[in-house]
Amino acid sequence: MSYLEYNVKYVPTGFRKLLYVNWAIVMLLAAVASAGFLMLYSVAGGSVDPWMGPQLKRFGVGMVLMLGVAMVPIWFWRNISALAYGTALLLLVLVELFGSIGMGAQRWIELGPLRLQPSELMKITLVMFLAAYYDWLPVKKTSHPLYVLVALLIILVPTALVLKQPDLGTAILLLVGGGTIMFLAGVHWAYFVTVIAAGVGGVAAVFQSRGTPWQLIKDYQFKRIDTFLDPGNDPLGAGYHITQAKIALGSGGWTGRGFMQGTQSRLNFLPEKHTDFIFTTLAEEFGFIGAFTLLVLYALIIVFCITSAMQNKDRFSSLLILGVAMTFFLFFSVNMSMVMGLAPVVGVPLPLVSYGGSAMLVLLVAFGLVQSAHVHRPR
């Protein structure tokens, strides 16, 4: 028993929970968000408005929400996981019926003064519901075809709705995140081999469908794939953005050009410099050292989450923590891969660094669930 755990029994219950919070994760999240504030200040030309100020406020609200969620017993979140999933699914349906359109996609819904992107909410509620499902399901039945089919339906229904918006990036995150929970819960490997084989066949079908009446994805998504495979084929057209991103990444060198000295962002060569492509700004201004430092911060968050999950004897809590960690990993790995030309551009923000309200708040609430599992684990 540690010194803290030995003496914490003399602390009032409310404060005791705060002592049990994994403050290392909190500090790392704050460090990553601080890097984001600096970058938003830089891309705005040395101004708090229009991006850094609102982002600071959202982060403050998100941190309060995270600690609030952490104080609630983990059994409460397990009990409402089905309700949370159902609510997010209903919101996705409402987006399909009444959603507002932005940049050619129908992904948002207006709820009074709040503009919400339900697909961000689904990333977390899907993890919650699957963790609760496998916590309820006896281990012997984990690989039974009927119960595997139920889990697949839980994943595929929201994925189909998100894909229709269209939002290929989020759909991929839902599929991979849900599949990770199934794998961690102990579903037999043969199912994953079958899914991978079906995925390869699906990719082939997508390419075969191009230009036909039954084309499976949008023309702009095909253009993104073409650009990924050969950005130099149209350097002033479809390949322009990724080419400029690579120039920014390469020109930073080891130590970067210096804070607010990035030419690619300041001269507006970079697309979406405050959202999807903000990592290229950081790499240009702070170089390899700055980019690697951010990656280390992300990796440390994952390590602390895995450690917390391994220490937790509750099946739901462990699956939930690992599911959130995997979702977080997919966020930054997909974003970094796409801006470096290692993956097609699919519109996934860099977590806690890119400008955005729904993504940041939902992510911090997700880490609140991780903290709740950590605070209330059996000791």
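Fair warning: this is a prediction, and the values are worked out from it, not measured in the lab. The basis for the numbers below is simple: all heavy atoms, side chains too, and nothing from hydrogens, waters or symmetry mates. Start at 1 with the first residue, then count along the sequence.
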When rounded to the nearest 0.5 angstrom, what is the spacing between [atom1] in [X] and [atom2] in [Y]?
X      : Y      : atom1 : atom2 : result
Ile301 : Leu352 : CD1   : CG    : 7.0 Å
Leu350 : Met39  : CG    : CE    : 11.0 Å
Leu161 : Asp167 : CG    : CG    : 12.0 Å
Leu174 : Thr170 : CG    : OG1   : 6.5 Å
Thr180 : Leu322 : OG1   : CG    : 10.0 Å
Thr255 : Glu285 : OG1   : CD    : 12.5 Å

For residues [X] and [Y], report the shortest heavy-atom separation together with the two atoms involved.
X      : Y      : answer
Ser119 : Leu92  : N-CD2, 3.8 Å
Thr125 : Ala88  : OG1-CB, 3.5 Å
Val339 : Asp276 : CG1-O, 3.5 Å
Cys305 : Ile321 : O-CG2, 3.2 Å
Ile25  : Phe367 : CG2-CD2, 4.0 Å
Ser143 : Gly186 : OG-O, 3.5 Å

Would you say the side chain of [Y] lies within less than 4.5 Å of the side chain of [X], judging by non-hydrogen atoms?
X      : Y      : result
Met360 : Phe59  : yes
Met336 : Leu295 : yes
Thr327 : Leu126 : no
Met66  : Leu369 : no
Phe37  : Val353 : no
Met182 : Val148 : yes
Leu130 : Leu319 : no
Ile124 : Val365 : no

Shared ILVMFWY cluster between [X] and [Y], side chains joined below 4.5 angstrom?
X      : Y      : answer
Leu330 : Leu342 : yes
Phe316 : Leu137 : yes
Val64  : Val362 : no
Val61  : Met63  : yes
Leu67  : Met27  : no

Is it the case that the side chain of [X] and the backbone of [Y] share a donor-acceptor pair, with hydrogens and angles ignored and the cut-off at 3.5 Å?
X      : Y      : value
Arg315 : Tyr134 : yes
Thr212 : Ser209 : yes
Asn312 : Ala373 : yes
Arg210 : Phe207 : no
Ser318 : Asp314 : yes
Thr307 : Val303 : yes
Ser337 : Ser333 : yes
Thr280 : Phe277 : yes
His376 : Ser372 : yes
Gln371 : Asn22  : yes

Checklist entry - Parallel, tilted or perpendicular for Tyr298 and Phe332, by the 30°/60° rule? => result parallel
Checklist entry - Would Val21 and His374 count as a side-chain contact (heavy atoms from CB on, under 4.5 Å) if you check the C-alpha gap in whole Å, the side-chain angles of each, and the deciding distance to 0.1 Å? => result CA-CA 7 Å; Val21 165; His374 183 80; over 6 Å; no
Checklist entry - Is the centre of the Tyr147 ring less than 6.0 Å from the centre of the His144 ring? => result yes
Item to check | Pair Met326-Val176, side-chain contact (heavy atoms from CB on, under 4.5 Å): steps then yes or no | outcome: CA-CA 9 Å; Met326 184 61 184; Val176 178; 4.1 Å; yes
Next on the checklist: Tell me which one of Phe288, Phe286, Phe292 satisfies ring-ring contact (aromatic ring centres under 6.0 Å, His included) with Trp254.
Outcome noted: Phe288
Solution key, residues 69-80 side-chain donor-acceptor pairs under 3.5 Å, sequence neighbours excluded:
unit_1: Trp77; atom_1: NE1; unit_2: Val69; atom_2: O; d: 3.3
unit_1: Asn79; atom_1: ND2; unit_2: Trp75; atom_2: O; d: 3.4

Next on the checklist: Would you say that more than 12 heavy atoms from the other residues, nucleotides or ligands in this model lie under 6.0 Å from the OH of Tyr191, or not?
Outcome noted: yes
Checklist entry - Is the number of heavy atoms from other residues, nucleotides or ligands under 6.0 Å of Gln311 CD greater than 12? => result yes
